[in-house]
Amino acid sequence: MDLIFAKKLAKEKIEIIKNGFTAYVESPEIARLIKKEIQLLNLDVYEDATEIGYWFIPNAEK
């Protein structure tokens, strides 16, 4: 996968998560980029890694 495309897609998914919505990706590479960004931004997100992909679910509790 093109690295620039992967980074762009990861950034788009982070924006979805920051807006309070669940994001899904199939690629372990993109999931790794999302996890890295979640840690940098200190976001409270539940990750569910399944056989078919990765779900990133923002914690709604404030």
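All values below come from the heavy atoms of this structure, side chains included, with hydrogens, waters and symmetry mates left out.
Classification of Glu29 and Arg32 as a salt-bridged pair fails, no side-chain N sitting under 4.0 Å from a carboxylate O. A salt bridge links Glu12 to Lys8: one of the charged nitrogens lies within less than 4.0 Å of a carboxylate oxygen.
Following chains of ILVMFWY side-chain contacts shorter than 4.5 Å, one can reach Phe5 starting from Ile34, so the two form part of one hydrophobic cluster. By the rule that hydrophobic residues join a cluster once side-chain heavy atoms approach within less than 4.5 Å of another member, Leu33 and Leu9 end up as members of separate clusters. Cluster annotation: Leu41 and Ile57 are assigned to distinct hydrophobic clusters (Ile/Leu/Val/Met/Phe/Trp/Tyr, side-chain heavy-atom contacts under 4.5 Å, transitive). Hydrophobic cluster membership differs between Leu40 and Ile17, with clusters built from Ile, Leu, Val, Met, Phe, Trp and Tyr side chains linked at under 4.5 angstrom.
Rounding to the nearest 0.5 angstrom, the gap separating the OG1 atom in Thr50 from the CD atom in Glu26 is 9.5 Å. Between Lys11 atom NZ and Lys13 atom NZ the span is 15.5 Å, to the nearest 0.5 Å.
Applying side-chain contact (heavy atoms from CB on, under 4.5 Å) to Phe56 and the options Val45, Thr22, Ile14 leaves one that passes, Val45.
Using a 4.5 Å cut-off on side-chain heavy atoms (C-beta onward), Glu47 and Ile38 make no contact.
Residue pairs that meet the ring pair (Phe, Tyr, Trp, His ring centres under 6.0 Å) test with at least one member in residues 23-49, sequence neighbours left out, are Tyr24-Trp55.
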